[in-house]
Amino acid sequence: MTSSHFFFHSLSLFVIFLIIINKVSQVHAIGSVFNVQDFGASPDGKTDSSQAFLKTWNQTCQNNGGGTILIPTGTFLLNTLTFNGPCKGPIFFNINGLLKAPLGKCKDDYWILFQHIDGLTINGEGSLDGQGPSAWSLNNANGPNPPSSIKFNGMSNALIQGITSINSKFFHFQINKSKGVHFQNLSITAPDESPNTDGIHIGDSNDIIINRVNISTGDDCVSIGPGTSNVHISEVNCGPGHGISIGSLGKYQNEGDVNGVIVTNCNIGKTQNGLRIKSWAPSPPSKVFNVTFDNINMNYVENPIIIDQHYCPHSSCKNEGDSQVQISDVKFINIKGTSASKEGVVLDCSKSVPCQGIELRGLELTLNGQQTTTATCSNANMNFFGPQTPSECT
Ligand SMILES: *[C@@H]1O[C@H](CO)[C@@H](O)[C@H](O)[C@H]1NC(C)=O
Ligand SMILES: *[C@@H]1O[C@H](CO)[C@@H](O)[C@H](O)[C@H]1NC(C)=O
Ligand SMILES: *[C@@H]1O[C@H](CO)[C@@H](O)[C@H](O)[C@H]1NC(C)=O
Ligand SMILES: *[C@@H]1O[C@H](CO)[C@@H](O)[C@H](O)[C@H]1NC(C)=O
Ligand SMILES: *[C@@H]1O[C@H](CO)[C@@H](O)[C@H](O)[C@H]1NC(C)=O
């Protein structure tokens, strides 16, 4: 063996050694397994297992090096629950069965809250049933928010994968004040007409990844609220629902900016909107900038591309006035497919802070594959590149 061969041989041995060390440490991280049934949880679908889950959480969270909370198959009834950190190591919340929410109204804005935890993995082939049908008719736009199925507050380094969320009472997943949350290989479903059942709602958070998630629901598939930066959304199948949305913004004073959103390789079908940015009017000032939508397929979407800075549902805005949310540097690249209405592109920006640097690059949006759609733009500074169907608006 020459010395360079020897060097590479040693190097590959060293790499194998590193891989083994890495595997061993992973095994160690999930080494301690705490089965909820050992703490009194019952898979019979009738007994409230909340206390048993809390005991399991406490034990696992306080275990040096963390551990796995094992939820076997079966149906577990759970009341409103809070799983608090910090914990003494990474936690794996392994759902194999079905977790069922209580019927009807709840006092909090979550069913299950994970809070102040660094290094949580939620995985398994199990499901969460929010029992939404028992609560949707009770939702009141002026009352407190109904519960999201899972809420994350002050989390860092979380991974959610494999599970299914059905029929949330409000949002399926809500992320607040968190950093580094990764959703992957999930399925999220609720009926088309269910109110406010956003798939994943993000607010005041950064470094969020959503990859390979199928979302059919009654509201936005993903909604990005104020104070959010660095969001990567890819390979999402969205529909029915209201599409992928930045906003609503400008509802409250002192909202944080939205900076750095990338949405790529997604399919959006039979939704009310495709790609949307919306802000209330009137509204206090904030900013949205550095947003890229690239390679998105639309299938029978009512408003494939829409910026709406005059958002005001249920005629609740009485004052006159413009939105002060400044939208800039937004790219729509390779957006193709069919619209369900004549309106392919609607950019309705604020008169007092017009949209800046809106790039449309390669659009092919037709009505049922044949007729072209229309583009209407107001108060928008635009750049066009490549083919444009609908043709450029002025
Ligand atoms: C879990 O721990 C918290 C905080 O230490 C405590 O308040 C709570 O009573 C514990 N719950 C159970 C079910 O052990
Ligand atoms: C995705 O999740 C499903 C359901 O939990 C699981 O069966 C499948 O193996 C996962 N696929 C990948 C590629 O992780
Ligand atoms: C987000 O978390 C902060 C800090 O815990 C809290 O004050 C705020 O009310 C939360 N917001 C939402 C929407 O839950
Ligand atoms: C999402 O839908 C696609 C197409 O139907 C399917 O191939 C894929 O397995 C689904 N993924 C999940 C996580 O359900
Ligand atoms: C724009 O957003 C992307 C994605 O979050 C980020 O990587 C990049 O640094 C941002 N660019 C600027 C100029 O802020």
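All values below come from the heavy atoms of this structure, side chains included, with hydrogens, waters and symmetry mates left out. Counting starts at 1 for both ligands and their atoms, following the listed order. Residue indices begin at 1 and follow the sequence shown.
Under a 4.0 Å criterion applied to the non-hydrogen atoms of N237, ligand 4 contributes the atoms 1 (C), 2 (O), 3 (C). Ligand-side atoms of ligand 2 in range of E125: 5 (O), 6 (C), 7 (O), range being under 4.0 angstrom from any heavy atom. Under a 4.0 Å criterion applied to the non-hydrogen atoms of L186, ligand 4 contributes the atoms 13 (C). Heavy-atom proximity to G124, at under 4.0 Å, picks out these atoms of ligand 2: 5 (O).
Taking the ring centre of Y311 as origin, the terminal cationic atom of K278 falls inside the region bounded by 6.0 Å and 45° from the ring axis.
Between C355 and C349, the two SG sulfurs come within 2.5 Å of each other, short of that mark.
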Atom pairs and distances, ligand 5 N/O vs protein N/O under 3.5 Å:
residue: ligand 5; atom: 2 (O); partner: N290; partner atom: OD1; Å: 3.4
residue: ligand 5; atom: 2 (O); partner: N290; partner atom: ND2; Å: 2.3
residue: ligand 5; atom: 5 (O); partner: N230; partner atom: OD1; Å: 2.8
residue: ligand 5; atom: 11 (N); partner: N290; partner atom: ND2; Å: 2.8
residue: ligand 5; atom: 14 (O); partner: N290; partner atom: ND2; Å: 3.4

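Contact annotation for V213 and ligand 4: no heavy atom of the residue comes within less than 4.0 Å of the ligand. Counting heavy atoms closer than 4.0 Å to ligand 4, residue N214 contributes side-chain atoms (C-beta onward) but none from N, CA, C or O.
Using a cut-off of 4.0 Å between Lys/Arg side-chain N and Asp/Glu carboxylate O, K179 and D207 are scored as salt-bridged. Salt bridge annotation for K46-D48: absent, with no cationic side-chain nitrogen under 4.0 angstrom from a carboxylate oxygen. The existence of a salt bridge linking K151 and D109 is confirmed by a sub-4.0 Å separation between a basic side-chain nitrogen and an acidic carboxylate oxygen.
Sequence neighbours left out, not one pair with a member in residues 238-265 passes ring pair (Phe, Tyr, Trp, His ring centres under 6.0 Å).
For ligand 2, one of its N or O atoms has an N or O atom of G162 under 3.5 Å away.
Using modelled atom types, one side-chain atom of N96 and one backbone atom of I71 make a donor-acceptor pair closer than 3.5 Å.
Between F53 and F83, the ring center distance fails the sub-6.0 Å criterion.
Q356 places a side-chain heavy atom less than 4.5 Å from the side chain of Q326.
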